[in-house]
Amino acid sequence: METREESEGRPLDFIRQIIAEDLQSGKHHRTITRFPPEPNGFLHIGHAKSICLNFGIAGETGGACNLRFDDTNPSKEDVSYVESIKEDVKWLGFHWGKEALYASDYFPQLYEFAAALIKIDKAYVCQLSPDEIRQYRGTLTEPGKESPYRNRSVAENLDLFERMKSGEFAEGSHVLRAKIDMTSPNVNMRDPVIYRILKDHHHRTADTWVIYPMYDYTHCLSDMLENITHSLCTLEFEDHRPLYDWVLDSLNTPCHPRQIEFARLNLSYTVMSKRKLLKMVMGKYVDGWDDPRMLTISGLRRRGYTPASLRNFCKTIGIGKSESRIDMGVLENEIRSDLNVSAPRRMCVLDPIKVIIDNYPVGQVEEMAAMNHPQNPKMGERRVPFTRELYIERDDFMEDPPKKYHRLGPDREVRLRFAYLIRYVSHVTDAESGKITEIHCTYDPETRGGAAPDGRKVKGTIHWVSAEKAMPVTVRLFDRLFKVEDPEADKNVDFLDQMNPHSKIVVSNAMAEPSLMELHPDDKIQFERLGYFCADHVESLIGRPVLNRTVTLKDSWGANK
RNA sequence: UGGGGCGUCGCCAAGCGGUAAGGCACCGGGUUUUGAUCCCGGCAUCCGUAGGUUCGAAUCCUUCCGCCCCAGCCA
């Protein structure tokens, strides 16, 4: 019973249950997991799920989690990716042992294991062309047939494999195959290729090797060499588990990790495959891997998400085997609840309309005290200058408002947050454009700070900024990258055609309160009534912030409009 | 029509033979100088389907249905 519950009383997922049992039964005394990214792209939120799982389990059970780069395909991999991956894992708040590991470090051992497989007649060099290999493999419903090279002698195989390694043969001319069963109903077991010739420059081993081991062969042995106890991967590898086990069993290794598969993460209104993300980056559909709209770790970081919010998100969605698509709202909810307690409040007007307080002295400036957080006085307050001419949000005035509209309109009185109650007098409309250019109001001097001595109620509270003292800032409003919940649902439509053309709106002349002068890159704030924003850590300077909208506030009014 | 998986509230997800947790969303109500936050309440007589076993089933057995993955010298 105890093993099913975490300290917080949350039930254990099926993987943690298995591990708890293994620990209790004494099968293992310490768990070692691993996070094995291929350095061929940036990490995304789906990887965060795996990272939180693997590092999380290690942390909870006093074990360890290795960061191991699965770098067996030099044609797709690059050092720049290993750097970004390390940075992202660290940023998420996790630590790997002594140093990062690389499958490529095991190439010499892997080669020896392959030779050993040949010696026990469980691997052979095959000279069928890629095309022929496919034909010989059979189909899902028909068995394959054996390669004519399948029954070479051990000596000949050893010689050929050695010559593959020495670079004697051309790419594609020879492969090493496991000798298993061409009639297996599991296609992965029909003599899978375990080594191929690739004359590419490897980011770590340079030109030392011209033969590279395949994933199925490499992964299990790497796990074994690192004494991994539980090898956690996604569902599509379920069919590969027999091969994982076959390699280790055939080599009779001293350690045999247990592979367990779980469902990968899908989120609504986005795509998660690295291939597709790469396509968006290369095709300039977004501004790079760390574009704030991207669900990459670096994109989310730049957007203003915190490590804790991502970790909480992963905890919330849980681990299971059923394929799911999580609503974006769940992710947004996590960052809101984090920023709600930590982000200082500020005021900014995105779409300014001028308000003139007719009875306020020209040239007078008052410094209004504004709390940095309504529920947390410890966060202190700042002063916001109030003057005769102000800006309010164009949305906060309506000529003919409905009853339920809690803002400014003809004959209405509203509160300017932390300032005064103001009453509508008149407004001016530009004859040509029909746009309202200014609104005249009067203020009640008795209501300084926003409270009416007579206790009268007003329609609502709106944010504002002094027209003279405001600082113009650039604000970017981000929205979901895709128009549809599942951009991959329709196989006949290119996912790129489903992108949301309005996912990034740049507001270059928003008006912010002067305290934003002090904002540092990466600082996170809430603009009252608008949402959470952060100073873009690439493009901001102190005194000249570029703000990214992380997420809007919940809006029960906008939703009913 | 080969093999491997999965089907519990709109979206996730507990449940492990004793009579359906929780979160998000949604709907009410209260507080509020952010239509935010916070608080209170509501939200599956039912667990893809049809049978069976049992005193008792979402949990065990069988049938059928639906969905996903696999035929890279990618991972």
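Convention: sequence-line order gives letters A, B, ...; per-chain numbering from 1.
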Between A/Q526 and A/E528, do the side chains contain an N or O donor and an N or O acceptor separated by less than 3.5 Å?
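Side-chain D/A pair, A/Q526 to A/E528: absent.
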
Do the side-chain N and O atoms of A/T316 and A/E334 include a donor-acceptor pair separated by under 3.5 angstrom?
yes

Tell which nucleotide pairs with [N], taking only Watson-Crick or G-U wobble pairs whose two distances are both under 3.5 angstrom.
N: B/G28; result: B/C40
N: B/G7; result: B/C65
N: B/U19; result: none
N: B/U54; result: none
N: B/U49; result: none

Rounded to whole angstrom, note down the [atom1] distance from [N] over to [M].
N: B/A44; M: B/G22; atom1: P; value: 11 Å
N: B/G7; M: B/A14; atom1: C1'; value: 16 Å
N: B/G18; M: B/G4; atom1: C1'; value: 34 Å
N: B/C68; M: B/G29; atom1: P; value: 42 Å
N: B/C9; M: B/G15; atom1: P; value: 16 Å
N: B/U37; M: B/C26; atom1: P; value: 10 Å
N: B/C39; M: B/C46; atom1: C1'; value: 31 Å
N: B/G41; M: B/U54; atom1: P; value: 43 Å

Integer-rounded Å distance: [N] [atom2] and [X] [atom1]:
X: A/Y124; N: B/C73; atom1: OH; atom2: P; result: 12 Å
X: A/E21; N: B/C16; atom1: CD; atom2: C1'; result: 10 Å
X: A/Y149; N: B/C73; atom1: OH; atom2: C1'; result: 15 Å
X: A/Y215; N: B/G72; atom1: OH; atom2: P; result: 18 Å
X: A/D13; N: B/A21; atom1: CG; atom2: P; result: 21 Å
X: A/D486; N: B/C67; atom1: CG; atom2: C1'; result: 13 Å

Report yes if a donor N or O on one partner sits less than 3.5 Å from an acceptor N or O on the other, where the partners are the side chain of A/Q375 and the base of B/A36; otherwise report no.
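Answer yes: a donor N or O sits under 3.5 Å from an acceptor.
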
What I want to check is whether an N or O donor and acceptor connect the side chain of A/E171 with the base of B/C73 at under 3.5 Å.
no

Hey, does the side chain of [X] come within less than 4.0 Å of [N]'s phosphate (OP1/OP2), counting only N and O?
X: A/R137; N: B/C70; value: no
X: A/R407; N: B/G35; value: no
X: A/S322; N: B/A13; value: yes
X: A/Q17; N: B/A14; value: no
X: A/K554; N: B/A25; value: yes
X: A/R134; N: B/G72; value: yes
X: A/R196; N: B/A75; value: yes

Counting side-chain heavy atoms from C-beta on, which of [options] comes nearest to [X]?
X: A/V187; options: B/G5, B/C12, B/C70; result: B/C70
X: A/L140; options: B/C73, B/A71, B/U34; result: B/A71
X: A/P185; options: B/U34, B/U37, B/G3; result: B/G3
X: A/T316; options: B/A36, B/A75, B/G23; result: B/G23
X: A/N333; options: B/U34, B/C24, B/A75; result: B/C24
X: A/P11; options: B/G3, B/C68, B/A14; result: B/A14
X: A/H406; options: B/G35, B/C73, B/A36; result: B/G35

Is there a side-chain contact between A/H219 and A/F237 (heavy atoms, below 4.5 Å)?
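Result no, sub-4.5 Å side-chain heavy-atom pair not found.
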
For RNA chain B, which residues in residues 71-82 of chain A have a heavy atom at a distance below 4.0 Å?
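Result for residues 71-82 of chain A: A/T72, A/N73, A/K76, sorted by number.
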
Go through residues 232-248 of chain A and report each residue with a non-hydrogen atom lying under 4.0 Å from RNA chain B, sorted by number.
A/E236, A/F237, A/E238, A/D239, A/H240

Under a 4.0 Å threshold between the charged nitrogen and the carboxylate oxygen, would [Y] count as salt-bridged to [X]?
X: A/E38; Y: A/K274; answer: no
X: A/R325; Y: A/D486; answer: yes
X: A/E488; Y: A/K276; answer: yes
X: A/R456; Y: A/D444; answer: yes
X: A/E60; Y: A/R16; answer: yes
X: A/E238; Y: A/K321; answer: yes

Across the strands shown, which category fits A/I133 at heavy-atom distances under 4.0 angstrom: base, sugar-phosphate, nothing?
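Since a base atom lies under 4.0 Å of A/I133, the category is base.
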
By nearest heavy atom, map A/H373 and A/P213 onto RNA chain B; which one lands nearer the 5' end?
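With A/H373 and A/P213 compared, the 5'-side residue is A/H373.
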
Start at the 5' end of RNA chain B and walk down; is the nucleotide closest to A/D70 or to A/L416 reached first?
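Mapping each residue to its closest nucleotide by heavy atoms, the 5'-most match is A/L416.
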
Checking A/K49 now: which residues fulfil side-chain hydrogen bond (donor to acceptor under 3.5 Å, both in side chains) with it, not counting sequence neighbours?
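Checked A/K49 against side-chain hydrogen bond (donor to acceptor under 3.5 Å, both in side chains); zero matches.
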
Ring-face cation of A/K459 near A/Y405 (centre distance under 6.0 Å, axis angle within 45°):
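Negative - A/K459 is either too far from the ring of A/Y405 or too far off its axis.
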
Candidate pair A/R258 and A/S231, rule side-chain hydrogen bond (donor to acceptor under 3.5 Å, both in side chains), full reasoning:
CA-CA 6 Å; A/R258 174 172 6 175; A/S231 182; over 6 Å; no

Applying side chain to side chain donor-acceptor pair (under 3.5 Å) between A/H463 and each of A/E513, A/R529, A/R346, A/R417, report the one that passes.
A/R529

